[in-house]
**Q** 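Sharing a structure below in structure tokens format, with a few things to ask.
Per chain, numbering begins at 1; letters A, B, ... match sequence-line order. These figures come from a predicted structure and were not determined experimentally.
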Protein chains: 2
Amino acid sequence: MALRHAVLAALLDGEFSGYQLAKGFDIGVANFWHALPQQLYAELSRLEDEGLVAGREVVQEGRPNKRMFHVTEAGVAELERFATTPAKPSFIRDDLLVKVQAVDGVDPAPVIAQLQERAAVAEAKAEVLGKLLVRLRGAADEEEFLRTGRRIGPYLTCRRGLAFERETYDWCLRTAEVLRQRVVTVRSGE
Amino acid sequence: MALRHAVLAALLDGEFSGYQLAKGFDIGVANFWHALPQQLYAELSRLEDEGLVAGREVVQEGRPNKRMFHVTEAGVAELERFATTPAKPSFIRDDLLVKVQAVDGVDPAPVIAQLQERAAVAEAKAEVLGKLLVRLRGAADEEEFLRTGRRIGPYLTCRRGLAFERETYDWCLRTAEVLRQRVVTVRSGE
DNA sequence: TGGCCATAGTCAAGAATATGACTACTCTGA
DNA sequence: TCAGAGTAGTCATATTCTTGACTATGGCCA
């Protein structure tokens with residue numbers, strides 16, 4: 001039940017609408033918590049009912065009105081409480097890893113293709129995250145920023161995301177190469 | 001719905017009981033697909049009903065009987081089909097990352113403590129995975145094994161798991177250090 | 001002027017996961 | 001000899017996540 005806390009954590013950066021969160025979840029918080037728009041809207045409603053966030057209607061012209069949310073004091077208190085509860089071990093869930101695990105029993109060609117695709121996605125994501133890091137730290141260099149910046153949480157999680165994507169990229173390419181080599185080996189009658 | 005495929009992939013290594021899978025899921029397949037025992041038992045039943053795995057009762061003395069499962073031809077075909085479906089993007093889900101994201105708004109002390117704990121867990125897991133790699137490749141060296149071994153799927157996913165745990169370890173320690181430094185900085189009135 | 005995309009959000013239903021309790025037997029250590 | 005841990009598995013319930021459809025409006029392009 002940490003989606004609510006992920007939302008609260010994301011809202012520490014300011015005021016956001018459900019729609020903005022749904023977009024932004026792809027780059028920022030989504031490194032460690034993926035959610036669909038429907039979940040976010042529903043969670044925001046629940047959080048508002050419980051007084052952990054507060055929303056205000058923003059009337060817009062030329063486009064639908066929206067509701068901007070921010071964290072309340074009670075919301076910060078809830079985050080505080082959450083931070084002290086023992087963390088559950090993290091886990092990855094990845095279709096592609098399942099396919100690689102099974103690769104000895106099936107045709108490797110589609111797996112190789114998917115590794116390649118995934119590498120491309122990871123590369124693109126890594127680039128986005130790299131740029132986000134630069135934007136977050138602004139003019140300061142990294143060390144300086146980490147020592148004195150006033151909002152380093154997103155920066156730290158972003159670094160983790162970047163390392164993860166780079167690792168994914170490397171692993172996908174190296175794994176695809178291994179599988180490709182084996183196809184050649186088998187064909188040449190090893 | 002890839003738990004079923006994770007189970008099928010795990011059973012490619014031989015015959016296992018639900019109980020064994022539940023234990024082993026922690027080290028092997030669990031790198032990319034975590035599941036509770038109840039889920040595994042339920043999934044095995046469903047897979048058996050659908051003819052994708054077959055079980056046989058093994059009568060034991062001094063302990064409860066067990067059911068050993070293996071993948072059927074239909075099961076392999078299902079894996080084959082699965083391997084060709086487009087892979088969904090993977091995602092991490094991590095309580096601890098949420099806490100780090102929120103660390104600017106809350107007391108960092110418990111977060112630092114949890115980062116330390118997590119680093120220890122990751123280190124232990126990395127060691128287990130390292131040993132598993134050695135066991136999987138046996139006498140051969142890595143290159144040799146990857147070229148000619150007949151069951152490399154688990155090896156490849158295990159390498160990914162190892163890289164992930166090492167990355168987690170590094171990130172946790174570096175992040176904890178950053179947060180500790182800041183506490184000092186703030187205390188000294190920066 | 002018809003179709004598509006973006007903004008902004010909602011509803012309902014279903015599948016997948018998690019939580020907690022429970023049976024039953026055996027071996028081991030205090 | 002009693003408690004606890006390990007083996008092997010089941011059941012029921014609750015929460016969470018995913019899928020798919022749906023409302024509205026405005027702008028852009030052909």
Side-chain angles (χ1 to χ4, degrees), chain A residues 1-8 15-26 29-30 32-50 53 55-69 82 85-95 98, chain B residues 1-8 15-26 29-30 32-50 53 55-69 82 85-95 98:
Chain A
M1 193 161 79
L3 169 59
R4 63 190 311 109
H5 299 109
V7 170
L8 287 172
E15 244 192 354
F16 294 100
S17 68
Y19 192 79
Q20 283 176 301
L21 278 180
K23 298 270 114 173
F25 245 63
D26 285 339
V29 183
F32 51 90
W33 212 276
H34 153 84
L36 298 166
Q38 294 94 317
Q39 281 174 271
L40 293 175
Y41 286 119
E43 197 59 53
L44 282 169
S45 297
R46 270 193 296 269
L47 285 168
E48 197 181 19
D49 290 347
E50 295 170 39
V53 306
R56 62 185 183 90
E57 186 87 11
V58 174
V59 177
Q60 298 187 116
E61 312 213 353
R63 59 183 58 186
N65 296 343
K66 62 182 173 183
R67 311 204 56 213
M68 299 291 282
F69 294 94
F82 173 66
T85 63
K88 291 172 204 163
S90 85
F91 57 94
I92 320 178
R93 251 174 204 183
D94 196 336
D95 267 18
V98 175
Chain B
M1 192 163 80
L3 170 59
R4 63 189 311 109
H5 300 109
V7 169
L8 287 171
E15 246 192 352
F16 294 99
S17 68
Y19 191 79
Q20 283 176 300
L21 278 180
K23 298 270 113 173
F25 245 62
D26 284 339
V29 183
F32 51 90
W33 212 277
H34 153 83
L36 299 166
Q38 294 94 317
Q39 284 174 269
L40 294 175
Y41 287 119
E43 197 58 51
L44 281 168
S45 296
R46 270 193 295 269
L47 286 168
E48 197 182 18
D49 290 346
E50 295 171 39
V53 306
R56 62 185 182 90
E57 186 87 14
V58 174
V59 178
Q60 297 188 114
E61 311 213 354
R63 59 183 57 184
N65 296 344
K66 61 181 172 183
R67 310 205 56 213
M68 299 289 282
F69 293 94
F82 173 66
T85 63
K88 291 173 203 161
S90 84
F91 56 95
I92 320 178
R93 256 181 197 177
D94 197 335
D95 267 19
V98 175

**Q** Quick one: are B:Val98 and A:Phe82 in side-chain contact, heavy atoms under 4.5 Å?
**A**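 When only atoms from C-beta onward are counted, A:Phe82 and B:Val98 do touch, with a gap below 4.5 Å.
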**Q** Using atom CD of A:Glu48 as one end and atom P of C:dG9 as the other, report the distance to the nearest whole Å.
**A**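 Taking atom P of C:dG9 as the reference, CD of A:Glu48 is at 11 Å.
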**Q** For a quick check, with a 4.0 angstrom heavy-atom cut-off, what is the B/S/- contact string for nucleotides 21-26 of chain D, read 5' to 3'?
**A** -----S
**Q** A:Tyr19 has a side chain; which of D:dT18, C:dG9, D:dG9 sits nearest to it?
**A**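 Selected nucleotide (nearest to the side chain): C:dG9.
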**Q** Do B:Leu21 and B:Val7 have side-chain heavy atoms sitting under 4.5 Å apart?
**A**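 Answer yes - side chains close enough.
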**Q** CE/B:Met68 to NZ/B:Lys66 distance, rounded to the nearest 0.5 angstrom?
**A**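 So the CE of B:Met68 and the NZ of B:Lys66 are separated by 5.0 Å.
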**Q** Heavy-atom distance under 4.5 Å between the side chains of A:Ser45 and A:Glu48, does that happen here?
**A**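 Counting from C-beta outward, A:Ser45 and A:Glu48 never come under 4.5 Å.
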**Q** With DNA chain D as reference, determine whether B:Lys66 or A:Leu36 sits nearer its 5' end, using the nearest nucleotide of each.
**A**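 Counting from the 5' end, the first nearest nucleotide belongs to B:Lys66.
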**Q** Which atom names give the shortest non-hydrogen contact between B:Glu43 and B:Leu3, and what distance separates them?
**A**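 In terms of heavy atoms, the two residues are closest at OE1-CD2, 3.9 Å.
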**Q** Just to confirm, is there a sub-4.0 Å distance from OP1 or OP2 of C:dG9 to any side-chain nitrogen or oxygen of A:Ser17?
**A**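 Yes, A:Ser17 has a side-chain N/O under 4.0 Å of OP1/OP2 on C:dG9.
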**Q** Nearest whole angstrom, please: distance from the P of C:dA16 to the CG of B:Leu47.
**A**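 Rounded to the whole Å, the gap is 12 Å.
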**Q** Let's see if you can work this out: which of C:dT7, D:dG9, D:dC17 has an atom nearest to the side-chain heavy atoms of A:Lys23?
**A**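 Of the options given, the side chain of A:Lys23 lies nearest C:dT7.
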**Q** CD of A:Gln39 versus P of C:dA15: gap in Å, rounded?
**A**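 Taking atom P of C:dA15 as the reference, CD of A:Gln39 is at 17 Å.
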**Q** Select base, sugar-phosphate, or nothing to describe what B:Arg46 touches, counting heavy atoms under 4.0 Å on all strands.
**A**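 B:Arg46: no heavy atom of the nucleic acid under 4.0 Å.
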**Q** Name the closest nucleotide to the A:His34 side chain, picking from D:dT18, C:dG9, C:dA18.
**A**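 The listed nucleotide nearest to A:His34's side chain is D:dT18.
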**Q** Looking at B:Gln60, I'd like to know whether one of its side-chain N or O atoms comes within less than 4.0 Å of OP1 or OP2 on D:dA8.
**A**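 Affirmative; the distance criterion is met.
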**Q** Quick check on DNA chain D: between A:Glu43 and B:Met68, whose nearest nucleotide comes earlier from the 5' end?
**A**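 With A:Glu43 and B:Met68 compared, the 5'-side residue is B:Met68.
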**Q** Let's see if you can work this out: which of C:dT7, D:dT10, C:dT19 has an atom nearest to the side-chain heavy atoms of A:Lys88?
**A**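 Nearest listed nucleotide: C:dT19.
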**Q** What is the separation between atom CZ on A:Phe16 and atom P on C:dG9, rounded to the nearest whole Å?
**A**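 Rounded to the whole Å, the gap is 13 Å.
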**Q** Rounded to whole Å, please give me the gap between NE2 in A:His5 and C1' in D:dT16.
**A**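 Interatomic distance, NE2 of A:His5 to C1' of D:dT16: 15 Å.
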**Q** Determine: side-chain N/O of B:Arg93 to OP1/OP2 of D:dT16, distance under 4.0 Å, yes or no.
**A**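 Indeed not, no polar side-chain atom of B:Arg93 lies that close.
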**Q** Mind listing the closest non-hydrogen atom pair of A:Gly55 and A:Phe69 along with its distance?
**A**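 The pair with the smallest heavy-atom distance is CA-CD2, 3.6 Å.
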**Q** Give a yes or no on whether the backbone of A:Ser90 and the side-chain of B:Arg93 come within a donor-acceptor separation of less than 3.5 Å.
**A**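 It does not hold such a pair.
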**Q** Closer than 3.5 angstrom, by distance alone: can the side chain of B:Gln39 be matched with the main-chain N or O of B:Leu36 as a donor-acceptor pair?
**A**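 Flag set: sc B:Gln39 to bb B:Leu36 pair under 3.5 Å.
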**Q** Whole angstrom is fine here: how far is it from CD in A:Gln20 over to C1' in C:dA8?
**A**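 It works out to 11 Å between those atoms.
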**Q** For D:dT10, take OP1 and OP2 only and decide whether either is under 4.0 Å from a side-chain N or O of B:Tyr41.
**A**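 Result: no.
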**Q** By nearest atom, which of the nucleotides C:dA8, C:dG9, D:dC17 is closest to the A:Leu3 side chain?
**A**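 Nearest nucleotide to the side chain: D:dC17.
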**Q** Over how many whole Å does the gap from B:Asn65 atom CG to D:dT10 atom P extend?
**A**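 About 12 Å, once rounded to whole Å.
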